[in-house]
Amino acid sequence: GKSSELNWLSIVREVKKAIAAKKAGYNQKNHIYITVNGKRYRVRTDCSGYVGACLTVYGIKGVSEIDSRWLANSSNSTLTKAGFRHMGWSGWNKLKEGDILARDGHTEIFAYNKNGHHYVYNCGSSKSCNNPNPTISGHDSYTDVWRNTNGGGAEVSASISSSSASPSGEEKVGFITRDHKIKIEA
């Protein structure tokens, strides 16, 4: 599809800008619609909603129900098949832009280190959700890092949901509720 025309870093940046433009803030129960590369996506405005939106635009099917625990799993075959390599946490200085950082309870995407601060693409607060640029991470470390190894789009389906598209063909992104139960909407 069209998503393969965008590489991973472009997607991370474009999804961040599209979410920020809506000024919807952080809300685990809120969904907004964004358009990236001419296609419309439904996105939850929280940390895993943002990362899930990036993965969906990248071309991975069925990742609309992910949460940080799904990402903090070294044996995640969906991400491996899509060209992401799992690495354990080895410090902020070993990261590359675009690395997905995860632990049980939070996820964000690494941007860069500057002046002793660690900048990330994330939607972990209203301030970060509404900012189109990387913001300073509020976290010291993570358990899992996923690095994209092929740059381009992926045509991979996750095994966690039976359908990720509505009858209109829109991708559904981000349906983990506050208590981490999966909620699938038709």
Side-chain angles (χ1 to χ4, degrees), residues 1-28 30-68 70-71 78-79 81-85 95-102 106-114 118-137 142 145-158 164-166 168-176:
K2 271 190 145 187
S3 62
S4 61
E5 295 168 17
L6 291 176
N7 69 27
W8 175 243
L9 284 177
S10 296
I11 289 167
V12 166
R13 294 179 190 127
E14 290 304 310
V15 169
K16 182 74 173 92
K17 288 177 191 166
I19 291 172
K22 298 289 184 175
K23 299 292 183 202
Y26 176 90
N27 185 336
Q28 290 182 315
N30 187 46
H31 297 84
I32 59 172
Y33 285 93
I34 62 169
T35 301
V36 177
N37 204 28
K39 192 170 178 185
R40 196 167 178 242
Y41 300 90
R42 187 172 190 251
V43 180
R44 191 183 65 237
T45 54
D46 67 3
C47 65
S48 53
Y50 165 64
V51 174
C54 292
L55 293 170
T56 299
V57 173
Y58 186 66
I60 303 175
K61 306 292 183 208
V63 291
S64 50
E65 293 82 23
I66 66 166
D67 65 5
S68 59
W70 186 83
L71 291 160
T78 300
L79 289 175
K81 285 181 206 164
F84 288 84
R85 182 166 52 92
L95 300 174
K96 289 186 177 176
E97 185 179 18
D99 285 351
I100 299 171
L101 313 178
H106 191 62
T107 183
E108 52 195 14
I109 299 174
F110 181 73
Y112 55 86
N113 293 311
K114 184 178 178 185
H118 315 297
Y119 287 80
V120 293
Y121 300 97
N122 75 335
C123 189
S125 66
S126 288
K127 186 177 178 184
S128 64
C129 285
N130 295 344
N131 190 330
N133 302 306
T135 52
I136 296 173
S137 178
Y142 286 87
V145 176
W146 289 96
R147 178 165 294 162
N148 182 278
T149 58
N150 62 9
E155 289 298 327
V156 176
S157 292
S164 63
S166 66
S168 64
E170 291 169 351
E171 292 292 328
K172 299 284 190 173
V173 182
F175 286 90
I176 288 289

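Basis for what follows: all heavy atoms, side chains included, without hydrogens, waters or symmetry-related copies. Along the sequence shown, residues are numbered consecutively beginning with 1.
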Please list all pairs passing the salt bridge (charged side-chain N to carboxylate O under 4.0 Å, His left out) test where one or both residues lie in residues 6-15, with sequence neighbours left out.
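For residues 6-15, and leaving out neighbouring residues, the salt bridge (charged side-chain N to carboxylate O under 4.0 Å, His left out) pairs sorted by first residue read R13-E97, E14-K17.
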Distance-minimising heavy-atom pair for [X] and [Y]:
X	Y	answer
A102	S68	CB-O, 4.2 Å
G124	C47	CA-CB, 4.4 Å
C54	I11	O-CG2, 3.4 Å
I60	A82	CD1-CB, 3.5 Å

For [X], side-chain contact (heavy atoms from CB on, under 4.5 Å) partners two or more places apart:
X	value
A18	I34, V36
S125	K127, S128
K114	Y112, Y119
N30	A24, N27, I32, T45

Roughly how far, to the nearest 0.5 Å, is the [atom2] atom of [Y] from the [atom1] atom of [X]?
X	Y	atom1	atom2	value
N150	R85	CG	CZ	12.0 Å
N122	I136	CG	CD1	11.0 Å
F84	L79	CZ	CG	6.5 Å
R44	D67	CZ	CG	8.0 Å
T56	Y41	OG1	OH	8.0 Å

Is the shortest heavy-atom distance from the side chain of T78 to the side chain of W70 under 4.5 Å?
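Yes, at least one pair of side-chain atoms sits under 4.5 Å.
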Could you point out which residue of L71, L95, V51 forms a side chain to side chain contact (heavy atoms under 4.5 Å, CB included) with L101?
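When L71, L95, V51 are each tested with L101, the side chain to side chain contact (heavy atoms under 4.5 Å, CB included) holds only for L95.
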Determine yes or no for a side-chain-to-main-chain donor-acceptor pair under 3.5 angstrom, with [X] supplying the side chain and [Y] the backbone.
X	Y	result
Y50	V12	yes
K22	Y33	yes
D46	Y26	no

By salt bridge (Lys or Arg N to Asp or Glu O under 4.0 Å), which residues pair with K96, not counting sequence neighbours?
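K96 satisfies salt bridge (Lys or Arg N to Asp or Glu O under 4.0 Å) with no other residue.
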Given L55 and W8, is the side-chain contact (heavy atoms from CB on, under 4.5 Å) satisfied, shown in steps?
CA-CA 9 Å; L55 293 170; W8 175 243; 3.7 Å; yes
Give yes when the SG atoms of C123 and C129 are nearer than 2.5 Å, otherwise give no.
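Yes, the SG atoms sit under 2.5 Å apart.
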Ring centroids only, cut at 6.0 angstrom: are F110 and Y142 within range, meaning strictly under it?
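F110 vs Y142: aromatic centres not under 6.0 Å.
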